[in-house]
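Each remark here refers to the structure printed beneath this line.
In what follows, chains are A, B, ... by sequence order, proteins preceding strands, each numbered from 1.
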Number of protein chains: 2
Amino acid sequence: MTDTNENALSRSPDEQASGFEAVRTAHQSEMVEDYVELIAELIQLNGAARPVEIAERLGVTQPTVSKNLNRLKREGLILQEPYRSIRLTEEGRELAEACRQRHRIVVDFLVALGVSQEVAEYDAEGIEHHVSEETLAVFHAFTKERAKG
Amino acid sequence: MTDTNENALSRSPDEQASGFEAVRTAHQSEMVEDYVELIAELIQLNGAARPVEIAERLGVTQPTVSKNLNRLKREGLILQEPYRSIRLTEEGRELAEACRQRHRIVVDFLVALGVSQEVAEYDAEGIEHHVSEETLAVFHAFTKERAKG
DNA sequence: TACAAAAGTTAGCTTTGGCTAAATTTTGTA
DNA sequence: TACAAAATTTAGCCAAAGCTAACTTTTGTA
């Protein structure tokens, strides 16, 4: 293989740092995105999103969910009266829809590429937060192309 | 498009939780992996890895690097006398090599797929930590296939 | 309808990985 | 060689996101 010089050594410190900074930024929104996405799913599945189910599906304890829901409230993404189930605000619904689309694009892409359905779902959970618009568009185009062929 | 049922609603709570747990586990090793990978690069590039350069390339401050290097020392991945530059242990070298290979596979795959070199490097920094062995193998095979054609 | 079980919340602890400020050590140069 | 600049470290702060224990509220059923 010819040397296409695509290794990190050829990048400037600034370019390299911006990639790492993007990862740290992504980590800060991951929790919020996972929660609204899951809340939207649970509402669609059950008609309501209850903290106990969020905890079960995320694999964390109820107090952790309770604390994180407070952050979503502060950020205006959900509405919840104490001891009641959760509704999404308009803003929350929009974010959830965007996250669900992105998740779907990543999963469909991995499956189209030959990854098993189970592993695709598993890996997508992590990958989806680190895919730029450019890469997402390429994934989407690839999947559509494969579907035609 | 036919419904291939590849949405999260069709998964059991346990299956879904295991994906989220994997993401949390990956986050715990990300820092370590980024550091040893970068240290190996700097040694190759400059003959030595100095904390000040690690800080610059990661986009964090020197005290942050100093603190995190202590963790790498505790874990037996690097050797460093105070105020001196850093060497990798055999274990550190092996981990760095594995990380660099995985990074390279992800970048080459994205480029083969049509993503620009710059964005490929940028996205890979986040994606590489969330790619299972199965998916990595599929990426690698795809890149080799494209190179032939 | 009373009460036990389930669900939700609060309080408080832990770890991780950022940060600034300040101290120490090394390096490079006048 | 002395000293200023650069590099490294230490101390101490903060926020995020996990946890357990204990408390409150709601739900379901005997």
Side-chain angles (χ1 to χ4, degrees), chain A residues 13 17-39 42-43 46-75 77-87 125-126 129, chain B residues 13 17-39 42-43 46-75 77-87 125-126 129:
Chain A
S18 81
F20 288 113
E21 275 154 23
V23 173
R24 290 194 298 271
T25 301
H27 284 170
Q28 293 188 321
S29 35
E30 276 182 38
M31 186 275 282
V32 162
E33 293 178 358
D34 288 342
Y35 273 67
V36 295
E37 191 176 338
L38 179 54
I39 288 166
L42 289 171
I43 289 173
N46 302 328
R50 296 154 69 225
V52 67
E53 275 187 290
I54 296 172
E56 185 186 19
R57 295 230 171 218
L58 290 177
V60 299
T61 62
Q62 289 184 346
T64 296
V65 170
S66 197
K67 179 187 289 192
N68 289 335
L69 290 177
N70 283 329
R71 175 165 157 205
L72 300 203
K73 277 181 235 174
R74 276 202 313 278
E75 297 188 7
L77 297 168
I78 62 169
L79 299 169
Q80 184 198 27
E81 287 110 277
Y83 297 97
R84 295 302 173 184
S85 60
I86 297 146
R87 285 169 302 148
E125 216 65 79
H129 300 288
Chain B
S18 80
F20 288 112
E21 275 155 22
V23 173
R24 289 193 297 271
T25 300
H27 284 171
Q28 294 188 322
S29 34
E30 277 182 37
M31 187 276 282
V32 163
E33 293 177 358
D34 288 341
Y35 273 67
V36 293
E37 192 176 336
L38 179 54
I39 288 165
L42 290 172
I43 289 173
N46 302 327
R50 296 152 69 222
V52 66
E53 276 187 290
I54 296 172
E56 185 185 21
R57 297 233 169 214
L58 291 176
V60 300
T61 61
Q62 290 184 347
T64 296
V65 170
S66 195
K67 182 188 284 191
N68 290 334
L69 289 177
N70 282 328
R71 176 163 156 206
L72 301 204
K73 277 182 237 176
R74 275 203 313 278
E75 296 187 9
L77 297 167
I78 63 170
L79 299 169
Q80 182 198 28
E81 289 109 277
Y83 296 96
R84 295 301 173 187
S85 59
I86 298 146
R87 284 170 301 149
E125 216 65 78
H129 300 289

In residues 29-36 of chain B, what donor-acceptor pairs under 3.5 Å come from side-chain atoms, sequence neighbours left out?
residue : atom : partner : partner atom : Å
B:S29   : OG   : B:A26   : O            : 3.2
B:E30   : OE1  : A:H27   : NE2          : 3.3
B:E30   : OE2  : B:H130  : NE2          : 3.3
B:E33   : OE1  : B:R102  : NH2          : 2.8
B:E33   : OE1  : B:H129  : ND1          : 3.0
B:D34   : OD1  : B:H129  : NE2          : 2.9
B:Y35   : OH   : B:N68   : ND2          : 3.0

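- The side-chain hydrogen bond (donor to acceptor under 3.5 Å, both in side chains) test applied to A:R24 returns no partner, not counting sequence neighbours.
- Counting 5' to 3', DNA chain C first comes under 4.0 angstrom of a heavy atom of chain A and last does so at the ends given by C:dA7 to C:dG18.
- Partners of A:E53 according to the side chain to side chain contact (heavy atoms under 4.5 Å, CB included) rule, which considers only residues two or more places apart in sequence or in another chain, are A:L42, A:N46, A:R50.
- The pairing partner recorded for D:dA11 is C:dT20, the criterion being a Watson-Crick or G-U wobble arrangement whose two distances lie under 3.5 angstrom.
- The CD atom of B:E53 sits 15 Å away from the P atom of D:dA6 (whole-angstrom rounding).
- For D:dA30, the paired nucleotide is C:dT1, the pair qualifying as Watson-Crick or G-U wobble because both relevant distances are below 3.5 Å.
- Remark: A:E81 engages A:R84, A:R87 in a side chain to side chain contact (heavy atoms under 4.5 Å, CB included) (not counting sequence neighbours).
- Taking atom CG of B:N70 as the reference point, atom P of D:dT9 lies 8 Å away to the nearest angstrom.
- Partners of A:Q80 by side-chain hydrogen bond (donor to acceptor under 3.5 Å, both in side chains), not counting sequence neighbours, listed by chain and number: A:K73.
- With the nearest nucleotide of DNA chain D identified for both B:E81 and A:R84, B:E81 has the one nearer the 5' end.
- Looking at residues two or more places apart in sequence or on another chain, you find a side chain to side chain contact (heavy atoms under 4.5 Å, CB included) between A:T61 and A:P63, A:T64.
- Between B:I86 and B:L79 the shortest side-chain heavy-atom distance does not fall below 4.5 Å.
- Every residue meeting the side chain to side chain contact (heavy atoms under 4.5 Å, CB included) condition with B:A55, not counting sequence neighbours, appears here in chain and number order: B:Q62, B:V65.
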Base versus backbone protein contacts along nucleotides 12-22 of chain D [heavy-atom cut-off under 4.0 Å; B, S, -]: B---SBBBBB-

